[in-house]
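Start at 1 and go down the list; that is how both ligands and their atoms are numbered. Counting from 1, the numbers follow the sequence of the chain as shown. Any value given below was found using the heavy atoms of this structure, including those in side chains, with hydrogens, waters and symmetry copies removed.
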Amino acid sequence: MSKDERIILTGFMGVGKSTVAKCLSYILRTEKIDLDRYIEANARRSITEIIEQDGEDDFRRIETESLREILAQTDIKIISLGGGAWIPPENRSLIRHYQCTTVWLESTFEHCWRNISCSKQNRPLAKNKKLAQSLFDERQKFYCLADWHFIVKPEFSSFEVAKKIAEEVFG
Ligand code: S3P
């Protein structure tokens with residue numbers, strides 16, 4: 001894979017996509033963008049406010065439009081998605097259309113849940129363990145469709161994960 005190609009990081013909430021993207025951006029010396037932060041900056045509201053005030057369906061529409069904008073209007077090489085952005089077929093088609101390389105950060109539910117419950121970040125779709133577990137189970141078959149899979153374990157630092165991605169994906 002050439003350094004000019006785009007890489008998309010996906011995976012469940014709490015797996016560490018944004019931090020790995022930050023480390024990857026440092027290692028590859030290229031800009032990164034986080035889809036959720038882009039949405040929040042444009043909407044001047046948090047993701048939680050958007051979901052709680054407008055509903056998940058509206059959030060998903062904004063998410064798709066924002067992904068489209070980033071892909072069509074920027075040349076940013078590293079894009080980290082929110083955990084649900086990889087699920088709608090329309091988003092996966094968009095990503096395919098722009099020939100991005102996709103990376104699934106794969107981990108156990110327990111690892112993700114530990115991070116979700118320790119985090120200051122509010123996650124309206126993971127309000128309790130049962131809800132989060134069922135979303136996690138439902139989504140595995142979609143995450144599996146990504147081009148690359150990297151296992152994330154609690155003992156790996158985000159920098160180590162990013163280094164492995166940089167070495168293996170970019171050779
Ligand atoms: C979501 C994941 C969140 C955020 C929103 C919905 C999901 O992002 O986009 O709360 O559906 O999995 P993170 O994966 O960064 O927590």
Side-chain angles (χ1 to χ4, degrees), residues 6-25 31-71 76 78-95 100 102-146 148-154 156-159 161-162 165:
R6 282 159 148 173
I7 188 160
I8 300 250
L9 296 179
T10 185
F12 198 66
M13 292 177 257
V15 77
K17 300 176 292 293
S18 307
T19 321
V20 170
K22 217 178 281 173
C23 298
L24 201 52
S25 147
E31 212 183 331
K32 58 112 179 96
I33 191 163
D34 186 280
L35 178 58
D36 281 345
R37 300 295 83 76
Y38 176 88
I39 293 171
E40 291 181 329
N42 280 345
R44 297 201 178 82
R45 283 190 295 167
S46 68
I47 298 295
T48 303
E49 284 168 333
I50 299 173
I51 294 178
E52 286 181 349
Q53 293 163 5
D54 303 352
E56 187 184 345
D57 288 352
D58 274 11
F59 168 66
R60 295 298 173 203
R61 268 190 287 278
I62 299 171
E63 186 174 54
T64 299
E65 275 327 297
S66 304
L67 178 62
R68 192 190 309 280
E69 280 168 22
I70 292 173
L71 291 170
I76 299 175
I78 302 169
I79 303 167
S80 51
L81 304 181
W86 176 247
I87 309 307
E90 189 182 352
N91 295 357
R92 293 200 302 278
S93 301
L94 253 179
I95 290 169
C100 305
T102 51
V103 169
W104 173 27
L105 299 183
E106 177 182 4
S107 192
T108 60
F109 174 70
E110 287 304 327
H111 174 51
C112 295
W113 179 251
R114 220 169 303 127
N115 291 341
I116 292 170
S117 38
C118 296
S119 158
K120 284 186 294 221
Q121 195 180 324
N122 205 334
R123 289 182 167 96
L125 301 183
K127 281 206 159 70
N128 61 58
K129 192 169 179 181
K130 202 161 165 243
L131 276 176
Q133 171 88 64
S134 68
L135 264 187
F136 181 93
D137 294 343
E138 266 168 38
R139 289 177 175 177
Q140 296 306 295
K141 60 179 180 292
F142 299 108
Y143 293 136
C144 264
L145 302 171
W148 293 78
H149 300 180
F150 284 88
I151 307 271
V152 177
K153 292 189 178 171
F156 300 166
S157 72
S158 298
F159 194 81
V161 176
I165 296 173

Is the backbone N or O of [Y] less than 3.5 Å from a side-chain atom of [X], with the two atoms forming a donor-acceptor pair by type?
X     : Y      : value
Arg45 : Glu40  : no
Lys32 : Ser80  : no
Trp86 : Phe142 : yes

**Request:** Taking only Lys NZ, Arg NE, NH1 and NH2, and the carboxylate oxygens of Asp or Glu, determine whether Asp58 and Arg61 approach each other closer than 4.0 Å.
**Result:**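 Salt bridge present between Asp58 and Arg61.
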**Prompt:** Judging by distance only, is a nitrogen or oxygen of Glu63 under 3.5 angstrom from one on ligand 1?
**Reply:**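 So ligand 1 has no N or O lying under 3.5 Å from an N or O of Glu63.
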**Message:** Can you confirm, on distance only, whether ligand 1 has an N/O atom lying under 3.5 Å from any N/O atom belonging to Gly83?
**Reply:**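 Such a contact does occur with ligand 1.
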Which bit of [X] is near ligand 1, meaning a heavy atom under 4.0 Å away: side chain, backbone, both or neither?
X      : value
Arg123 : side chain
Arg37  : neither
Glu56  : neither

Only heavy atoms of [X], strictly under 4.0 Å: list the atoms of ligand 1 that pass.
X      : result
Leu125 : 6 (C), 11 (O)
Arg60  : 7 (C), 11 (O)
Lys17  : 13 (P), 14 (O), 15 (O)
Gly82  : 8 (O), 9 (O), 14 (O)

**Asked** So how far is it from Glu106 CD to Cys112 SG, rounded to the nearest 0.5 Å?
**Response**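 That separation rounds to 10.0 Å.
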**Item:** Point-to-point distance, once rounded to the nearest 0.5 Å, from NE2 of His111 to CZ of Phe156
**Value:**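 Output value for this atom pair is 9.5 Å.
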Write out the residue and atom name of the closest protein heavy atom to [atom], then the distance separating them to 0.1 Å.
atom                    : value
atom 3 (C) of ligand 1  : Asp36 OD2, 3.6 Å
atom 5 (C) of ligand 1  : Ile47 CG2, 3.7 Å
atom 7 (C) of ligand 1  : Gly84 N, 3.3 Å
atom 12 (O) of ligand 1 : Arg139 NH1, 2.7 Å

**Request:** Decide if atom CD of Glu90 counts as having more than 12 heavy atoms of other residues, nucleotides or ligands within a radius under 6.0 Å.
**Result:**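 No, not enclosed.
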**Prompt:** With a 4.0 Å cut-off on heavy atoms, does Gln121 reach ligand 1?
**Reply:**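 It does; at least one heavy atom falls under 4.0 Å.
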**Request:** Carefully, step by step, assess Glu110 and Arg114 under the rule salt bridge (Lys or Arg N to Asp or Glu O under 4.0 Å).
**Result:** CA-CA 6 Å; Glu110 287 304 327; Arg114 220 169 303 127; 5.3 Å; no
**Asked** Do the non-hydrogen side-chain atoms of Thr10 and Tyr143 ever get within less than 4.5 Å of each other?
**Response**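 They are in contact (side-chain heavy atoms under 4.5 Å apart), so the answer is yes.
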